[in-house]
A.B. asks: 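Handing you this structure, nothing more for now.
In listed order, ligands and their atoms are each counted from 1. Every heavy atom of this structure was used, including side-chain atoms; hydrogens, water molecules and symmetry mates were not. Every value quoted in this text rests on a predicted model; they were computed, and no experiment measured them.
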Amino acid sequence: MTEPARPALSIVAPCYNEEGVLPEFVKRVMAVLDSAGGASELVMVDDGSRDRTWELMTAAAATDPRIVAVRLMRNHGHQLALTAGLTLCRGERVLIIDADLQDPPELLPDMMALMDQGADVVYGQRRHREGESLFKRATAAIFYRVIDRLTDVDIPTDTGDFRLVTRRVLDLLLAMPERHRFIRGMVAWIGGKQVPLVYDRKARAAGETKYPLARMVRFAVDAITAFSVVPLMASMTIGWVMAAIGFAFFVYSIVGWLLHSNLPGWTSLMAAIGLLGGMQFLMLGIIGAYLGRLYDQSKGRPLFMIRDIVGGVGGGVGSGPK
Ligand code: UDP
Ligand code: MG
């Protein structure tokens with residue numbers, strides 16, 4: 001069977017419990033695709049939603065052959081759901097977007113124009129974040145600065161996964177087998193010409209964030225462990241410092257013993273035990289974080305599991321996974 005021609009553009013959106021925004025999202029994306037012209041597709045991935053997201057998605061797919069609805073076996077998380085969509089989409093250029101309309105699809109023409117001028121990646125960079133709590137904005141700001149310090153990849157600050165990439169960049173991205181994916185970092189790591197498009201990030205159109213604190217922390221740890229071994233090295237540095245302090249204590253207590261001036265010393269003993277014990281647990285935790293990810297990776301399980309694909313025509317993704 002010959003490969004059908006690729007559409008010029010794919011839009012890929014992971015969706016988890018997005019029944020509140022989905023119809024509006026589809027409407028706005030399709031309006032953008034209509035005015036852009038050319039062959040295109042919208043690939044939406046239902047990441048194991050528990051609401052009516054899948055029904056709404058398949059209903060949309062029934063109305064327009066450019067819409068493809070993909071359902072995963074269960075909730076895989078944002079980055080893997082996105083990976084599923086990126087694996088299945090077929091466009092020459094691919095726009096990654098959240099389904100909650102925080103990233104306006106109407107920016108597509110501007111992104112396309114920048115790509116026409118030779119960019120490999122055009123990423124949306126947030127100037128404002130409306131409707132997000134101070135806490136979310138503050139933790140996000142800290143996160144992007146810490147990651148910048150710890151890694152030698154230039155991961156642009158204040159960006160999400162909202163970006164337009166070329167097929168070339170996408171294929172390179174998909175060739176990376178890692179399980180704990182931090183896609184915006186992986187795209188930055190690829191290099192080429194990456195240009196920002198500054199925009200104002202809107203509030204969610206409906207529904208609520210799927211990134212509560214625990215998930216954000218996990219995401220941050222994934223990002224840091226995927227791009228930096230500095231925390232592993234940190235245990236060495238801290239170990240040296242602790243050893244130096246311990247040695248100073250040792251000398252101090254010997255001198256005290258010689259001078260017969262040792263105090264009962266319970267306080268300092270407890271302080272030292274506490275400090276050392278704490279540090280050891282912390283360092284073991286850091287090693288555990290890397291080891292656990294290494295273990296996950298070594299199992300070599302599929303990154304995502306597809307349950308259904310509905311929609312699409314012309315032997316596109318709708319005809320089944322490649
Ligand atoms: N999402 C997903 N699976 C998940 C969590 C989120 O597919 O387990 C999708 C979600 O539907 C949205 C995007 O990932 O399209 C970003 O999630 P969200 O808007 O909740 O994150 P935030 O913008 O609050 O960081
Ligand atoms: Mg959002």
Side-chain angles (χ1 to χ4, degrees), residues 11-29 42-57 60 68-89 94-105 107 123-144 147 155 157-163 179-185 199-223 303-308:
I11 296 189
V12 177
C15 310
Y16 180 51
N17 294 342
E18 298 289 6
E19 64 179 6
V21 286
L22 206 84
E24 176 70 14
F25 172 74
V26 171
K27 203 171 101 198
R28 275 177 58 185
V29 167
L42 166 62
V43 179
M44 291 183 285
V45 181
D46 172 15
D47 188 17
S49 298
R50 265 169 286 200
D51 63 0
R52 295 183 55 249
T53 298
W54 177 245
E55 284 74 36
L56 294 172
M57 241 184 220
V68 183
V70 179
R71 171 157 68 158
L72 301 184
M73 293 298 285
R74 57 171 172 77
N75 181 252
H76 284 60
H78 177 196
Q79 300 287 297
L80 292 179
L82 177 55
T83 302
L86 292 174
T87 306
L88 292 167
C89 78
V94 179
L95 178 72
I96 300 171
I97 193 167
D98 285 352
D100 60 5
L101 291 170
Q102 284 194 282
D103 311 317
L107 289 181
Y123 57 89
Q125 193 159 34
R126 307 153 182 162
R127 184 167 37 201
H128 269 307
R129 298 168 70 123
E130 278 173 34
E132 288 180 304
S133 64
L134 183 64
F135 180 73
K136 175 122 193 175
R137 279 178 288 141
T139 47
I142 294 168
F143 169 66
Y144 283 107
I147 219 169
I155 300 171
T157 52
D158 305 320
T159 63
D161 287 320
F162 182 41
R163 59 196 67 219
R179 157 161 300 274
H180 293 271
R181 299 174 91 75
F182 180 55
I183 290 175
R184 61 204 74 162
Y199 73 111
D200 295 323
R201 186 155 160 100
K202 297 280 179 294
R204 254 180 173 275
E208 54 189 32
T209 176
K210 275 75 193 182
Y211 275 101
L213 182 62
R215 251 195 157 153
M216 282 203 299
V217 170
R218 224 185 313 147
F219 188 54
V221 174
D222 271 348
L303 296 183
F304 53 85
M305 295 172 289
I306 292 169
R307 187 166 162 206
D308 280 314

A.B. asks: Taking C-beta and beyond as the side chain, do Cys15 and Asp46 meet within less than 4.5 Å on heavy atoms?
C.D. replies: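 With C-beta onward as the side chain, the pair stays apart.
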A.B. asks: Nearest 0.5 Å, please: how far is CZ in Arg126 from OG1 in Thr159?
C.D. replies: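 The distance works out to 6.5 Å.
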A.B. asks: So which protein heavy atom does atom 3 (N) of ligand 1 come closest to, and at what separation?
C.D. replies: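 Protein heavy atom at minimum distance: Asp47 OD2, 2.6 Å.
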A.B. asks: If you check every N/O/S atom of Asp100, which is the one nearest the Mg ion (ligand 2)?
C.D. replies: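 Output for this pair reads OD2.
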A.B. asks: His180 and Arg218: side chain to side chain contact (heavy atoms under 4.5 Å, CB included), yes or no, with the steps?
C.D. replies: CA-CA 10 Å; His180 293 271; Arg218 224 185 313 147; over 6 Å; no
A.B. asks: Decide whether an N or O pair under 3.5 Å exists between Ala81 and ligand 1.
C.D. replies: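 For ligand 1, there is no N or O atom that lies under 3.5 Å from one belonging to Ala81.
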A.B. asks: Does Met216 have a heavy atom less than 4.0 Å from any atom of ligand 1?
C.D. replies: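 Not so, Met216 does not reach ligand 1.
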A.B. asks: Heavy-atom pairs closer than 4.0 Å: do any link ligand 1 to the side chain of Arg204, the backbone, both, or neither?
C.D. replies: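 The part of Arg204 near ligand 1 is the side chain, not the backbone.
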A.B. asks: Is the contact between Ala99 and ligand 1 made by the side chain, the backbone, both, or neither, using heavy atoms and a 4.0 Å cut-off?
C.D. replies: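 Under 4.0 Å from ligand 1, Ala99 contributes backbone and side-chain atoms.
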A.B. asks: Return the CD1 to OH distance between Ile155 and Tyr123, rounded to the nearest 0.5 Å.
C.D. replies: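 The OH atom of Tyr123 is 11.5 Å from CD1 of Ile155, to the nearest 0.5 Å.
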A.B. asks: So which heavy atom in the protein is nearest atom 5 (C) of ligand 1, and how far is it from that ligand atom?
C.D. replies: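 Answer for atom 5 (C) of ligand 1: Lys210 CB, 3.5 Å.
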A.B. asks: Under a 4.0 Å threshold between the charged nitrogen and the carboxylate oxygen, would Asp103 count as salt-bridged to Arg201?
C.D. replies: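 Salt bridge: yes.
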A.B. asks: Can you confirm, on distance only, whether ligand 1 has an N/O atom lying under 3.5 Å from any N/O atom belonging to Glu18?
C.D. replies: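 The answer is yes, given that Glu18 and ligand 1 share an N or O pair closer than 3.5 Å.
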A.B. asks: Gln79 near ligand 1, heavy-atom distance under 4.0 Å?
C.D. replies: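 The answer is no: ligand 1 sits nowhere under 4.0 Å from a heavy atom of Gln79.
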A.B. asks: What residue and heavy atom of the protein are closest to atom 15 (O) of ligand 1, and at what distance?
C.D. replies: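 Sorting protein heavy atoms by distance from atom 15 (O) of ligand 1 puts Pro14 O, 2.8 Å first.
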A.B. asks: Which of these passes side chain to side chain donor-acceptor pair (under 3.5 Å) with Tyr16: Lys210, His78, Arg50?
C.D. replies: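 Answer after filtering Lys210, His78, Arg50: Arg50.
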A.B. asks: Touching ligand 1 at all, Lys136? Heavy atoms, strictly under 4.0 Å?
C.D. replies: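 Heavy atoms of Lys136 do come under 4.0 Å of ligand 1.
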A.B. asks: Would you say Gln102 reaches the Mg ion (ligand 2) with an N/O/S atom under 2.8 Å?
C.D. replies: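 Checking Gln102: at least one N, O or S atom is under 2.8 Å.
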A.B. asks: What part of Asn75, side chain from CB on, backbone N/CA/C/O, both or neither, has a heavy atom under 4.0 Å from ligand 1?
C.D. replies: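 It is the side chain that touches ligand 1; the backbone stays farther off.
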